[in-house]
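Just the heavy atoms: all of them, side chains too, but no hydrogens, waters or symmetry mates, feed the values below. If you read the sequence from its start, that first residue is 1, and numbering goes on from there.
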Amino acid sequence: MACAGSPLQLRLLLLVLSSCAVAAAADASRCATPPDEGPTIRILHAFGPCSPLRESARFDSWEDTVMDLMTRDESRLSYLASLATAGRSFVPIASGRQLLQIPNYVVRASVGTPAQPMLIALDTSNDAAWVPCTACAGCPSASPSFDPSRSTTYRPLPCGSPQCGQVPNPSCPEGTTSCSFNLTYGASSLQAGLAQDSLALASDVVQSYTFGCLQKVTGNSVPPQGLLGLGRGSLSFLSQTKGLYAATFSYCLPSFKSLNFSGTLRLGPVGQPKNMKTTPLLSSPRRSSLYYVNMIGIRVGRRVLDIPPSAFTFDAATGAGTIIDSGTMFTRLVAPAYAALRDEFRRRVKAAGPVTSLGGFDTCYNGAVTPPAITLMFTGMNVTLPPDNTLIHSTAGSITCLAMAGAPDNVNSVLNVIANMQQQNHRVLFDVPNARIGFAREPCTAA
């Protein structure tokens with residue numbers, strides 16, 4: 001039996017449908033991202049509202065999201081602890097959801113010939129690159145995987161190759177001459193076949209790039225579409241593209257609430273800022289991949305905090321000191337440094353009411369607060385953080401927390417980690433040939 005509504009009901013129905021269509025079009029327009037072209041590669045936070053990886057994270061509230069990220073930072077720091085024994089192109093960067101101790105920023109890349117697109121996570125504290133391959137056991141089933149059989153330029157590397165001796169725990173499975181390797185990444189164990197294929201970022205194509213083709217994964221710490229190591233080891237992106245980019249790069253990380261690929265990864269010395277403050281880049285043979293800097297103090301407002309120099313002292317033998325890291329979400333400071341910062345912060349905002357806690361954050365307030373300026377002091381360079389880089393808010397704005405915490409009580413208890421939230425909306429330069437790291441304010445968060 002056919003049913004017909006009144007003219008008024010039909011008009012209301014059309015109005016609702018029209019409003020939904022307009023809203024959908026507005027969301028699509030808001031999430032639209034300019035394509036990677038020329039020397040520019042866009043960056044997106046994997047946890048951002050327009051991230052294609054967002055669907056894998058379903059939380060009821062922003063508080064749940066922050067607590068999840070804080071928990072994953074704990075695993076990220078465990079990963080950093082495991083390291084104690086171990087031309088020009090602009091690439092868009094995006095923020096987005098990452099799993100345990102993996103980078104929180106991704107870039108668009110392509111692997112193979114013809115190109116197979118992936119969203120690959122960046123990690124400044126890792127050397128290797130890997131992508132999930134077809135038939136990988138334990139890899140995220142909802143994410144794209146790389147199919148070697150579709151690439152005319154893919155080739156596995158034999159056990160006797162020089163690269164096979166540079167990966168962790170190399171092996172030659174029985175019945176094959178191809179090199180495989182195993183490694184632990186946070187809470188996950190990975191098994192991969194060592195291979196080479198073309199890697200494309202923006203308009204540049206790197207031929208015969210060495211990476212791991214994931215065959216088996218246990219645990220949930222692996223970036224869903226792969227990882228690109230920006231560390232300083234022999235198989236890192238910097239080392240494999242040294243002739244192209246001269247071991248130099250910089251990035252601007254957008255807020256994790258940014259809507260699209262508004263950040264950028266600049267590869268190579270051309271196009272880097274000319275007039276920016278820098279600090280010497282240090283190296284530790286104990287943690288050779290990490291980017292160490294000489295932190296000398298912290299200032300809150302105009303007051304330089306009374307922190308013992310030993311809290312910042314760089315020790316190449318033990319790995320103690322301060323690193324710049326893209327994969328940790330919230331800055332961690334060794335116990336005496338964090339205690340001094342926390343106590344002074346509380347003293348400055350005591351009018352905001354009693355201090356509460358929220359998960360791993362021990363300095364929270366009910367309602368908004370006006371934070372004092374926090375300045376991280378390095379040799380030759382000071383970085384004053386804007387409020388957005390020092391505070392984390394609940395969804396409704398009812399809770400505000402200092403977005404830093406103390407170092408965990410493990411091997412990293414002697415390591416200060418300057419994390420990606422404190423780096424957001426800054427151009428951060430990694431100039432390995434000239435042994436320096438630079439910071440300059442650069443808004444790159446899309447509204």
> Looking only at side chains, do Asn420 and Tyr251 share a donor and an acceptor under 3.5 Å apart?
Replying inline: no
>> Could you check whether any side-chain N or O of Thr445 sits under 3.5 Å from a backbone N or O of Ser255, counting only pairs where one atom can act as donor and the other as acceptor?
In response: yes
>> With side-chain contact (heavy atoms from CB on, under 4.5 Å) as the criterion, how do Ser284 and Phe314 come out once you've worked through the C-alpha distance, each side chain's angles and the decisive distance to 0.1 Å?
In response: CA-CA 9 Å; Ser284 167; Phe314 171 66; 4.2 Å; yes
> Can you check ring-ring contact (aromatic ring centres under 6.0 Å, His included) on Phe237 and Phe249, steps first, answer last?
Replying inline: CA-CA 11 Å; Phe237 182 80; Phe249 71 95; 8.4 Å; no
> Any side-chain donor-acceptor pair under 3.5 Å between Thr370 and Arg348?
Replying inline: no
> Shorter than 2.5 angstrom, is that how the SG atoms of Cys133 and Cys136 come out?
Replying inline: no
> If only atom types and distance count, is the side chain of Thr184 paired as donor or acceptor with the main-chain N or O of Ser189 below 3.5 Å?
Replying inline: no
> Step by step, would you call Asn416 with Tyr292 a side-chain hydrogen bond (donor to acceptor under 3.5 Å, both in side chains)?
Replying inline: CA-CA 10 Å; Asn416 300 291; Tyr292 279 90; over 6 Å; no
> Does any N or O in the side chain of Ser110 come within less than 3.5 Å of the main-chain N or O of Ala200, such that one atom is a donor and the other an acceptor?
Replying inline: no
>> Looking at Phe439, I'd like to know if the NZ or CZ of Arg427 sits under 6.0 Å from its six-membered ring centre while staying within 45 degrees of the ring's axis.
In response: no
> Is the backbone of Ala419 close enough, under 3.5 Å, to the side chain of Asp325 for a donor and an acceptor to pair up by distance?
Replying inline: no
> Do we get Arg232 above Tyr291's six-membered ring, with its NZ or CZ under 6.0 Å from the centre and within 45° of the axis?
Replying inline: yes
>> Using the ring centroid of each side chain, check whether Phe256 and Tyr105 are separated by less than 6.0 Å.
In response: no
> Okay, side chain of Gln422, backbone of Asn389: is any donor-acceptor separation there less than 3.5 Å?
Replying inline: yes
> Hey, are Asp362 and Tyr338 close enough side-chain-wise for a donor-acceptor pair under 3.5 Å?
Replying inline: yes
>> Assess the residue pair Gln196 and Thr210 against the criterion (side-chain hydrogen bond (donor to acceptor under 3.5 Å, both in side chains)); give the C-alpha distance rounded to whole Å, side-chain angles, the decisive distance to 0.1 Å, and a yes or no.
In response: CA-CA 4 Å; Gln196 287 184 336; Thr210 301; 3.0 Å; yes
> Any chance the side chains of Ser289 and Asp127 put a donor and an acceptor closer than 3.5 Å?
Replying inline: yes
